[in-house]
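First listed ligand is number 1; within each ligand, the first listed atom is number 1. In what follows, every heavy atom counts, from backbone to side chain, and hydrogens, waters and symmetry copies are set aside.
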Amino acid sequence: MTPSDYEYLRKFLRDHSGLDLSADKQYLIESRLLPLARKAGLSGIGELVQKLQGGSGALITNVVEAMTTNETFFFRDKVPFDHFRDTIMPEVIKARAGRRSVRIWCAAGSTGQEPYSLAMCLREMGAALTGWRVEIIATDLSQEVLEKAKSGVYSQFEVQRGLPIQMLVKYFKQTGETWQINPELRAMIQHRQLNLLHDFTQLGTFDVIFCRNVLIYFDQDTKINIFNRLARQIEPDGFLVLGAAETVVGLTDTFRPIPDRRGLYKPNDQRAAAAPRPALASAPPRMAVMAGR
Ligand SMILES: C[S@@+](CC[C@H](N)C(=O)[O-])C[C@H]1O[C@@H](n2cnc3c(N)ncnc32)[C@H](O)[C@@H]1O
């Protein structure tokens with residue numbers, strides 16, 4: 001790969017997905033894009049770059065998706081889900097007791113383990129949420145990971161990563177070598193393709209936003225821009241949850257960390273958070289009404 005091919009791909013990826021590659025990541029490009037180039041019948045990275053410059057639509061999507069890192073697992077890092085159960089949801093239940101509904105956005109939800117972990121946490125809350133309307137929207141840039149998330153089918157290896165055995169038995173059905181999450185949990189989640197670089201006001205306003213392990217790949221300006229736009233999509237008393245290597249500190253004052261709750265943030269700027277609410281997208285939202293047990 002020539003230096004100019006590399007520079008072209010760095011800029012291309014920054015513009016299309018936010019991915020910020022340092023000057024020494026040629027090996028990463030080669031390991032991810034050479035197989036893709038070969039599959040497309042191209043001689044190598046040079047020809048791939050030429051095709052991209054020509055504006056080939058499907059190839060653009062394939063290159064962007066091949067460069068995303070989709071690593072995820074059930075109850076990843078555990079602590080955010082403890083916070084969700086012990087801090088976030090008790091507060092939401094109290095604050096929304098009047099309207100009995102909660103909206104949760106799992107931005108960059110990858111293959112679904114994160115939104116399904118949230119759905120399992122909610123199910124485990126039992127009577128506290130009976131009769132509540134619960135909406136979980138899981139979004140990701142990659143259509144490929146979304147298809148898997150929608151199917152709710154996981155390998156033996158995937159269900160062994162982070163998922164307590166009681167949850168596996170309770171919420172999954174084994175079919176041959178794979179495990180499928182039960183239809184009730186699948187029905188709690190709406191999966192949508194969404195690039196965080198683009199406008200997301202159409203999603204409406206949320207009580208809780210999980211946006212974990214995606215901003216680490218972006219440069220500072222992109223992070224700041226996304227934090228500021230997230231602040232407009234969160235209720236003034238809502239919660240933002242970030243990954244272990246991510247923080248708003250030093251980047252924006254639209255959110256503030258909650259002391260002793262690592263990874264948890266509250267919106268600061270009440271005026272931004274209280275800005276006029278955009279209408280919801282035209283399709284009726286899929287909401288689960290939590291049944292009693
Ligand atoms: C490392 S995974 C994190 C998954 C999950 N949030 C977790 O913490 O386990 C990062 C995800 O971000 C998605 N992603 C990357 N760039 C994105 C963008 N610009 N907009 C939305 N999603 C993006 C990738 O497709 C990938 O599925």
Side-chain angles (χ1 to χ4, degrees), residues 9-21 25 28-29 32-33 36 60-84 104-121 136-152 154 157-163 189-203 206 208-230 233 239-247 262-265:
L9 287 167
R10 273 178 86 185
K11 179 168 180 338
F12 170 91
L13 291 164
R14 201 176 314 117
D15 292 348
H16 283 81
S17 69
L19 179 63
D20 180 34
L21 290 176
K25 289 285 194 299
L28 190 64
I29 295 260
R32 302 245 183 124
L33 297 189
L36 192 150
I60 292 175
T61 306
N62 291 343
V63 166
V64 169
E65 295 208 3
M67 290 305 299
T68 57
T69 298
N70 308 120
E71 164 72 358
T72 188
F73 49 94
F74 290 102
F75 297 96
R76 181 176 186 176
D77 301 336
K78 189 174 174 298
V79 171
F81 298 93
D82 293 344
H83 290 336
F84 181 68
I104 299 165
W105 177 18
C106 192
S110 191
T111 41
Q113 286 91 331
E114 188 173 61
Y116 286 128
S117 298
L118 293 172
M120 284 184 262
C121 286
I136 304 175
I137 298 186
T139 62
D140 201 281
L141 168 81
S142 160
Q143 197 59 52
E144 195 180 331
V145 297
L146 283 171
E147 289 310 319
K148 177 168 168 97
K150 274 184 214 167
S151 77
Y154 297 96
F157 173 70
E158 287 165 327
V159 296
Q160 274 168 352
R161 295 183 75 198
L163 187 65
I189 300 170
Q190 223 187 115
H191 301 273
R192 291 201 205 167
Q193 201 269 344
L194 183 125
N195 186 339
L196 287 166
L197 300 189
H198 300 162
D199 180 32
F200 43 67
T201 53
Q202 77 281 5
L203 294 180
F206 294 89
V208 185
I209 300 178
F210 267 61
C211 184
R212 300 173 62 229
N213 304 305
V214 60
L215 300 179
I216 33 167
Y217 300 106
F218 300 167
D219 65 23
Q220 284 220 358
D221 287 347
T222 308
K223 285 181 204 176
I224 293 168
N225 175 282
I226 293 174
F227 282 136
N228 293 345
R229 289 185 296 121
L230 287 176
Q233 301 310 125
F239 291 88
L240 172 69
V241 184
L242 298 179
E246 296 157 334
T247 182
R262 192 164 54 84
L264 241 62
Y265 301 82

> Does S110 reach the main-chain N or O of N70 with its side chain, forming a donor-acceptor pair under 3.5 Å?
Replying inline: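 Yes: the side chain of S110 pairs with the backbone of N70.
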Test item, [X] contacting ligand 1 (heavy atom, 4.0 angstrom):
X: L19; answer: no
X: G18; answer: no
X: F210; answer: no

> With backbone taken as N, CA, C and O and side chain as the heavy atoms from C-beta onward, which portion of R212 lies under 4.0 Å from ligand 1: side chain, backbone, both, or neither?
Replying inline: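 The answer is both.
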> How does F74 reach ligand 1, by side chain, by backbone, by both or by neither, if only non-hydrogen atoms under 4.0 Å count?
Replying inline: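 The answer is neither; F74 stays 4.0 Å or more away.
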> Do D20 and T222 touch side chain to side chain, with heavy atoms closer than 4.5 Å?
Replying inline: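 No. Closest side-chain heavy atoms not under 4.5 Å.
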> Angle class for the F210/F81 ring planes (parallel below 30°, perpendicular above 60°, tilted otherwise)?
Replying inline: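 Tilted: the ring planes of F210 and F81 meet at 30° to 60°.
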> Which of these, T68, T139, D140, has its nearest heavy atom closest to atom 11 (C) of ligand 1?
Replying inline: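 Closest candidate by heavy-atom distance is D140.
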>> What I want to know is whether T69 and ligand 1 share at least one N or O pair that is separated by under 3.5 angstrom.
In response: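 Between T69 and ligand 1, no N or O pair is found under 3.5 Å apart.
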> Which residues pass the side-chain hydrogen bond (donor to acceptor under 3.5 Å, both in side chains) test with T247, sequence neighbours left out?
Replying inline: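 side-chain hydrogen bond (donor to acceptor under 3.5 Å, both in side chains) list for T247, sorted by chain: Y265.
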> When you measure from atom 22 (N) of ligand 1 to every protein heavy atom, which one gives the shortest distance, and what is it?
Replying inline: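 Minimum-distance protein heavy atom for atom 22 (N) of ligand 1 reads L141 N, 3.3 Å.
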